[in-house]
Amino acid sequence: MSTTTNYYVPDQSPWPFATAACLFVTAWGAASTIQQHSGVVSNDGTLGTYILIAGLVGILSCMFLWFRDTVRESIGGLNSHQMDISYRMGMAWFIFSEVMFFCAFFFALFYTRWFAVPWLGGEGAKGIAQEILWPNFQAMWPLVSMPDGRTVQAMQPWGLPAINTALLLTSGIFLTIAHHAIKTMNRPKILLNLGITILLGSIFMCVQAYEYYHAYHEMGLTLNAGIYGSTFFMLTGFHGLHVTIGTIILMVLWLRVAKGHFTADNHFAFEAGAWYWHFVDVVWIFLFIVVYWL
């Protein structure tokens, strides 16, 4: 007797290309909007804002349609063991690419803090830094004194950032409980703990939005606040974007659990979402230590 093994090859998907195009539009719109608010461009900048909104709407649309197709493949029984391996490898490489993404921005912060600032304040460059580039320059971090004489406040770690740290770490605990519950298919326990994770992630985003408002209106800490301001908002802003995406993914998983899409042996989509959320947690720990604390 001979046995046959089914090998499923998914249809070609337009969503990777469409998502990449929407990401490009979003980056274009974000850059135009930031330039407008920074006074780099002289026009009103409304076109950049419209482009940014169009890019974000496009990304959300691609996420919805891409999720729809993969969910249909999963519940349709089209995913073989080989596809499961492919999904796991793909998610692992995706998270690795995200690690490299954040490493680039962390390296920019490290380079500025431990190389560029000391060089500007060193003996060899002291005359240039103080008399030409930056009068009264002092090699210190956070670099809160601006060349035009303005002084901004640095964000302290033990206020809103500490609250957000507690929120994310606690959310990871509840997600782990939900992950263990899915292995025994305790659906009420899964929905409860996953719902709490989503709630904590949403609160995190609200707290960060208030932190940005506080920084802009009460501390003078803006994108125009020199290299400290730009690196602060670059790192925390991109992390906040990842928390937003992760929260959307967890919401989709909550709905799938409620609809009974997963079994104790077939729930990699849940695992992939958990991997992503824990990655976001780890990045925040490094970010809290390096950006806020040190």
Side-chain angles (χ1 to χ4, degrees), residues 56-57 59-68 70-71 74 91 94-95 98 102 155-216 232-233 235-264 267-289 291-293:
L56 292 174
V57 171
I59 291 175
L60 291 175
S61 300
C62 288
M63 289 177 65
F64 174 82
L65 295 171
W66 204 343
F67 288 171
R68 179 204 63 183
T70 55
V71 168
S74 176
M91 191 64 191
F94 171 71
I95 293 179
E98 292 288 287
F102 277 101
M155 186 64 67
Q156 300 300 313
W158 304 117
L160 297 176
I163 294 174
N164 266 347
T165 303
L167 289 171
L168 272 190
L169 293 180
T170 305
S171 71
I173 295 173
F174 283 104
L175 183 58
T176 301
I177 297 173
H179 192 184
H180 284 286
I182 203 172
K183 296 179 180 179
T184 59
M185 287 313 298
N186 187 339
R187 188 177 299 177
K189 188 175 182 180
I190 301 169
L191 293 174
L192 174 61
N193 288 277
L194 186 56
I196 294 175
T197 305
I198 295 170
L199 177 62
L200 292 175
S202 301
I203 296 175
F204 175 93
M205 291 184 290
C206 293
V207 173
Q208 188 171 54
Y210 177 76
E211 179 188 45
Y212 279 9
Y213 177 86
H214 175 68
Y216 259 75
F232 172 82
F233 285 105
L235 280 163
T236 59
F238 272 117
H239 179 269
L241 176 62
H242 283 72
V243 172
T244 304
I245 295 173
T247 303
I248 294 173
I249 292 173
L250 295 182
M251 289 179 179
V252 174
L253 292 176
W254 192 95
L255 292 174
R256 294 194 63 188
V257 171
K259 290 179 175 292
H261 287 181
F262 300 125
T263 66
H267 56 266
F268 174 67
F270 189 97
E271 291 183 350
W275 291 0
Y276 187 84
W277 192 258
H278 291 312
F279 157 74
V280 169
D281 287 352
V282 172
V283 171
W284 176 260
I285 292 174
F286 281 102
L287 194 151
F288 175 75
I289 294 173
V291 176
Y292 290 98
W293 192 355

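Everything numeric in this text was worked out from a predicted model, so none of it was measured. Quick note: residue numbers are just sequence positions, from 1.
Between the CD1 atom in Ile177 and the CD1 atom in Ile182 there is a gap of 14.5 Å [rounded to 0.5 Å]. Going from atom CE of Met63 over to atom CZ of Arg68 covers 14.5 Å, rounded to the nearest 0.5 Å. Separation of atoms OG (Ser171) and CG (Asn193) is listed at 11.5 Å; rounding is to 0.5 Å. Once rounded to the nearest 0.5 Å, the distance linking CE of Met205 with CG of Leu241 reads 10.5 Å. The CG atom of Leu194 sits 6.5 Å away from the CG atom of Leu175 when rounded to the nearest 0.5 Å. We find the CG-CD1 distance between Leu167 and Ile163 to be 7.5 Å, quoted to the nearest 0.5 Å.
Counting heavy atoms from C-beta outward, Leu191 and Pro188 have side chains that stay 4.5 Å or more apart. Residues Ser74 and His261 fail the side-chain proximity criterion, which asks for heavy atoms closer than 4.5 Å. Side-chain contact between Val283 and His242: absent, with no pair of heavy atoms (C-beta onward) separated by less than 4.5 Å. Within the 4.5 Å cutoff, the side chain of His180 has heavy atoms near those of the Thr176 side chain. Using a 4.5 Å heavy-atom cutoff, the side chains of Trp277 and Val243 are in contact.
Remark: aromatic rings of Phe233 and Tyr216 are close, center separation under 6.0 Å. For Phe268 and Trp275, the ring centers are positioned less than 6.0 Å apart.
A donor and an acceptor atom, one from each side chain of Tyr212 and Thr236, are located under 3.5 Å apart.
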Mind running side-chain contact (heavy atoms from CB on, under 4.5 Å) on Leu250 and Thr247 for me, showing each step along the way? CA-CA 5 Å; Leu250 295 182; Thr247 303; 5.7 Å; no
Quick one, Tyr292 with Thr165, criterion side-chain contact (heavy atoms from CB on, under 4.5 Å). Give me CA distance, side-chain angles, the key distance, then yes/no. CA-CA 11 Å; Tyr292 290 98; Thr165 303; over 6 Å; no
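At distances below 3.5 Å, at least one donor-acceptor pair connects side-chain atoms of Ser61 with backbone N or O atoms of Val57.
The aromatic rings of Phe204 and Trp284 lie perpendicular to each other, with more than 60° between the two planes, well past the 30° mark. Taking the six-membered ring where tryptophan is involved, the planes of Tyr276 and Phe279 are tilted, since the angle between them lies from 30° to 60°.
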